[in-house]
Visitor: 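Let me begin by handing over the structure; questions about it come next.
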2 protein chains.
Amino acid sequence: MAAFDPHKYERPSVTVDVVIFGLIEGTLHVLLIQRGLEPFASMWALPGGFVRLDESLEQAALRELVEETGVKDVYLEQLYTFGDPQRDPRTRVITVAYFALVAADRLRLRADTDAAEVRWFPAYEPPPLAFDHQKILDYAITRLRYKLEYTALAFELLPQEFTLTELQQAYEHILNEELDKRNFRRKVLQADILDKTENYREGGHRPARLYSFRQDAVAEVKARRLFP
Amino acid sequence: MAAFDPHKYERPSVTVDVVIFGLIEGTLHVLLIQRGLEPFASMWALPGGFVRLDESLEQAALRELVEETGVKDVYLEQLYTFGDPQRDPRTRVITVAYFALVAADRLRLRADTDAAEVRWFPAYEPPPLAFDHQKILDYAITRLRYKLEYTALAFELLPQEFTLTELQQAYEHILNEELDKRNFRRKVLQADILDKTENYREGGHRPARLYSFRQDAVAEVKARRLFP
DNA sequence: ACAAAAGTGTTGAGAGTACACCCATGC
DNA sequence: GCATGGGTGTACTCTCAACACTTTTGT
């Protein structure tokens, strides 16, 4: 920051875009909105909007998240900033991308209304996306996988109480590889991040013990390597 | 990106700031420039400047890097975007921070001139910094440590040929912990990322074999976990 | 010859991986 | 009673960590 004269330079527009992930029936979904305006009218795009001058980037991302899903107490992390001069055909727009993980038991809020302009799509097979949003989505999936490999972040996608099989299936689906049941359970239980509840998931066959995530372990787990 | 009208919103200024690291006599240094203008006149700050409308963020960071050091073929990576509304007291400035690693044998270029307004400072004990640059520097150091723990990125800070002891000392200094000499050598040699040269570092006592980094391993190593 | 840094192997502990059978419930 | 998913233990391999002495040079 050498010389400074805010009026000497033309300023770009700055937006935030939020990649909102959720697990629906065991598969990873991403929340998209349908654009009304040109360019890319009627195409699907990540939710996002301009950063207001009096709010931080994180506040802007949170605002978009609340506007689209109604939930606010979720995992939210800055992803990357995309600033290619040509990414918006009209004018220079720099976007700060965030990614959010919404727990399965919270996402029947605004999103599930088939309002047609906001919908969940399978994250691995989204419709054609506006701007460079496919690139942003790819980046978010990579980051999500990477984080799951060495943290226990998958909890953020599950309901408050879940079975070990549900947890394992979330890992398997997102990492796209099969895991050994006994090894998985041992590792996750040894990590001492779960509380065994007294509840069971019924229906089907033998009821499965429900576990919950130890809240006091959140901060710790986010920094810890859990899977090799 | 719902509605879009670039003229409807006031736009923030966007800058890039670059945390440029170099190893000088075995200790990690950061390149700072002395501000001439208010606010924070005569204080030290990270090199940076406005993003021009026709350049990408990475191009802007590279431009700042070249302006201050004269080198351009170095490791450069986007760090984080800082956008607190109060981080610049005059107006809203969002900055995209990058960090760069400059090899020791290349940094006698523009920086070493005691031009008084550009100098290297010990990264762990910098002078008081303008804006939120201390926070950006802290973040960059954290990221550098983190990357060194699981990649071989320290090569980017060393001259083209180096001894294993020099490499180990770089790791020890940045990670701030002692490493076992035999274990370190075994691990680094087994990783198959070094070429043994026929040259030796003379002077002092027993000459030490020089190694160079296998260029075809750069991409691979950047993604690979090297230290536990 | 001695001071100083270079260089070199082995052992034990812990973690990761592979692998197969019994258990509780619904129908 | 049988089909379905839930739940459990052991042996092998490999990686990590701890540890001390010999070699080569300059003075």
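Computed from a predicted structure; not experimentally measured. FYI, side chains are in, hydrogens and waters are out, and symmetry mates aren't considered; it's all heavy atoms of this structure.
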Visitor: Sugar-phosphate means primed atoms, P, OP1 and OP2; the rest is base. With that split, encode nucleotides 2-10 of chain D 5' to 3' as B, S or - using protein heavy atoms under 4.0 Å.
Guide: --BBBBBBB
Visitor: For B:Phe184 and D:dT15, what is the distance between atoms CZ and P respectively, to the nearest whole Å?
Guide: 18 Å
Visitor: Taking CD from A:Glu178 and P from C:dT17, how many angstroms apart are they, rounded to a whole number?
Guide: 15 Å
Visitor: Just verifying a value: how many Å separate B:Gln169 CD and B:Ile174 CD1, rounded to the nearest 0.5 Å?
Guide: 12.0 Å
Visitor: Under a plain distance cut-off of 3.5 Å, with no hydrogens placed, do B:Thr197 and B:Ser212 share a side-chain donor-acceptor pair?
Guide: no
Visitor: Using atom CG of B:Leu179 as one end and atom C1' of D:dC16 as the other, report the distance to the nearest whole Å.
Guide: 13 Å
Visitor: Which distance, rounded to the nearest 0.5 Å, do you find between the CD1 of A:Ile20 and the CG of A:Leu46?
Guide: 8.5 Å
Visitor: Among residues two or more places apart or on two chains, list those pairs meeting salt bridge (charged side-chain N to carboxylate O under 4.0 Å, His left out) that have a residue in residues 157-174 of chain A.
Guide: A:Glu166-A:Arg201
Visitor: Scan residues 129-146 of chain B for pairs that pass salt bridge (charged side-chain N to carboxylate O under 4.0 Å, His left out), counting only residues two or more places apart or in two chains.
Guide: B:Glu77-B:Arg143, B:Arg87-B:Asp132
Visitor: Send over the distance from B:Arg201 CZ to C:dA4 C1', rounded to a whole Å.
Guide: 17 Å
Visitor: Rounded to the nearest angstrom, tell me the gap between atom NZ in A:Lys187 and atom P in C:dA15.
Guide: 12 Å
Visitor: Give the intermediate values and the outcome of salt bridge (charged side-chain N to carboxylate O under 4.0 Å, His left out) for residues B:Glu117 and B:Arg35.
Guide: CA-CA 8 Å; B:Glu117 65 276 1; B:Arg35 287 180 57 79; over 6 Å; no
